[in-house]
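The structure appears right after this line, and notes come after that.
Both ligands and their constituent atoms are indexed starting at 1 by order of listing.
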Amino acid sequence: MNTSAQSTDQLTFCDPVTRFPEITPPKQDQPEPGLDAELIPGTDRGEDSYRGTGRLEGRRALITGADSGIGAAVAIAFAREGADVALNYLPAEEEDAQHVAGVIREAGRTAVLIPADLIDAEACREVVSRAVEGLGGLDALVNNAGKQIAVEKFEDLTDEQWTQTYTVNITAMARIVREALPHLPAGSTIVNTTSIQAYSPSPHLVDYASTKAAINNFSKGLAQQLAPRGIRVNAVAPGPIWTPLQVSDGQPKDALPEFGKSTPLGRAGQPTELAPAFVFLTSPESSYVLGETLAVTGGNPTP
Ligand code: NAD
Ligand code: MG
């Protein structure tokens, strides 16, 4: 099921409680990384609903984890706002990435496809150079790729998982920023995906949640360092958003049917509901916003 047919565009006055249906996902499992193509129910990434208003006209953006979920919604929104987009994702996610690339091209923008595993330091460098080459430059970076594997007992959290989660979520982010900086002119933006987990860690996500706290701190420090160069750094903290991350061991299976129901809005978020936050922080209209983490949580409070 794709819920997008039921939704209005993001600029139409609506009740946020009922803009998207409350979902009760069945228990399901996908190997890591999960695919949007196989997620039940399907998600709204804005294909039929996101309306651009020219806010990113002529921009050149690299987005990691851009094949599915939040990254896909951001890629679609950026293209509809006038940007050319380079998409990084894992090779196993080609099907999802091709779908997003098709939507970008339908919008009349360029999509550059860059499958690569960011666990590898050399791959981080290559992703940036291929994006610069494919787009003819770079002035927007969205560090959105993330690894989340739920582990009930801390004794079962292996060294391997700890290291991989930290490498993908925070070390790769630092490597990509370092590689991108020589290419970013004044006016460029970096937006990092953190999480409500940075403030309210779930007991089964100790490794993941602590990387998200690190991303918040990294974003605030880097924002101050890069401000004099005219490069703005911000972050977005999603709450519970229905994406493939959740069914590829991101949540305990028993938790899936209840996913997102405990938010004040009473429902999980859809990926496209994140896109306007990334668009705002990338667009010149947020020129005085730096080191901010914008919470998009359905009302769950962040400090
Ligand atoms: P998703 O599974 O659709 O996206 C995560 C993406 O990360 C994958 O598509 C994959 O391309 C990428 N990725 C993972 N490991 C990688 C690796 N080794 N190399 C390259 N890419 C890799 O799920 P999503 O929920 O849209 O996640 C996007 C971001 O949002 C993540 O950083 C996640 O932590 C964050 N987030 C999600 C939620 C939520 O409820 N869905 C809440 C808070 C934060
Ligand atoms: Mg994916």
Nearest heavy atom to [atom]: which of [options] does it belong to?
atom: atom 19 (N) of ligand 1; options: T43, T167, N169, L118; value: L118
atom: atom 18 (N) of ligand 1; options: D117, I196, V142, T64; value: D117
atom: atom 34 (O) of ligand 1; options: F259, Y89, Y208; value: Y208
atom: atom 1 (P) of ligand 1; options: P238, G146, S68, G71; value: S68

Tell me yes or no: between the side chains of [X] and [Y], is some donor less than 3.5 Å from an acceptor?
X: T263; Y: N300; answer: no
X: S202; Y: Q197; answer: yes
X: T64; Y: N144; answer: no

Q.
Of all the N, O or S atoms in D67, which has the shortest distance to the Mg ion (ligand 2)?
A. OD2
Q) Are the charged groups of R59 and D84 less than 4.0 angstrom apart, N to O? A) no
Q. Do E258 and K261 sit within salt-bridge range, that is, some charged N less than 4.0 Å from a carboxylate O?
A. no
How far is [atom] from the closest protein heavy atom, and which atom is that?
atom: atom 6 (C) of ligand 1; result: G65 CA, 3.8 Å
atom: atom 16 (C) of ligand 1; result: L90 CD1, 3.7 Å
atom: atom 38 (C) of ligand 1; result: G239 O, 3.8 Å
atom: atom 35 (C) of ligand 1; result: T193 CG2, 3.5 Å
atom: atom 8 (C) of ligand 1; result: E93 OE2, 3.2 Å
atom: atom 31 (C) of ligand 1; result: N144 O, 3.2 Å
atom: atom 2 (O) of ligand 1; result: L245 N, 3.4 Å

(Q) Side-chain heavy atoms nearer than 4.5 Å, only ILVMFWY residues, links allowed to pass through others: does that put V142 and F218 together? (A) no
Q) ligand 1 and D67, any nitrogen or oxygen pair closer than 3.5 angstrom? A) yes
Heteroatom N/O/S of [X] within less than 2.8 Å of the Mg ion (ligand 2):
X: E93; answer: yes
X: D96; answer: no
X: S68; answer: yes

For [X], counting its heavy atoms only, list the atoms of ligand 1 lying under 4.0 Å from any of them.
X: I70; answer: 26 (O), 30 (O), 37 (C)
X: A145; answer: 7 (O), 12 (C), 13 (N), 21 (N), 22 (C), 32 (O)
X: V168; answer: 15 (N), 16 (C), 18 (N)

(Q) At under 4.0 Å between heavy atoms, is it the side chain or the backbone of P240 that contacts ligand 1, or both, or neither? (A) backbone
Q | Contact partition for Q246 relative to ligand 1, non-hydrogen atoms under 4.0 Å | A | side chain
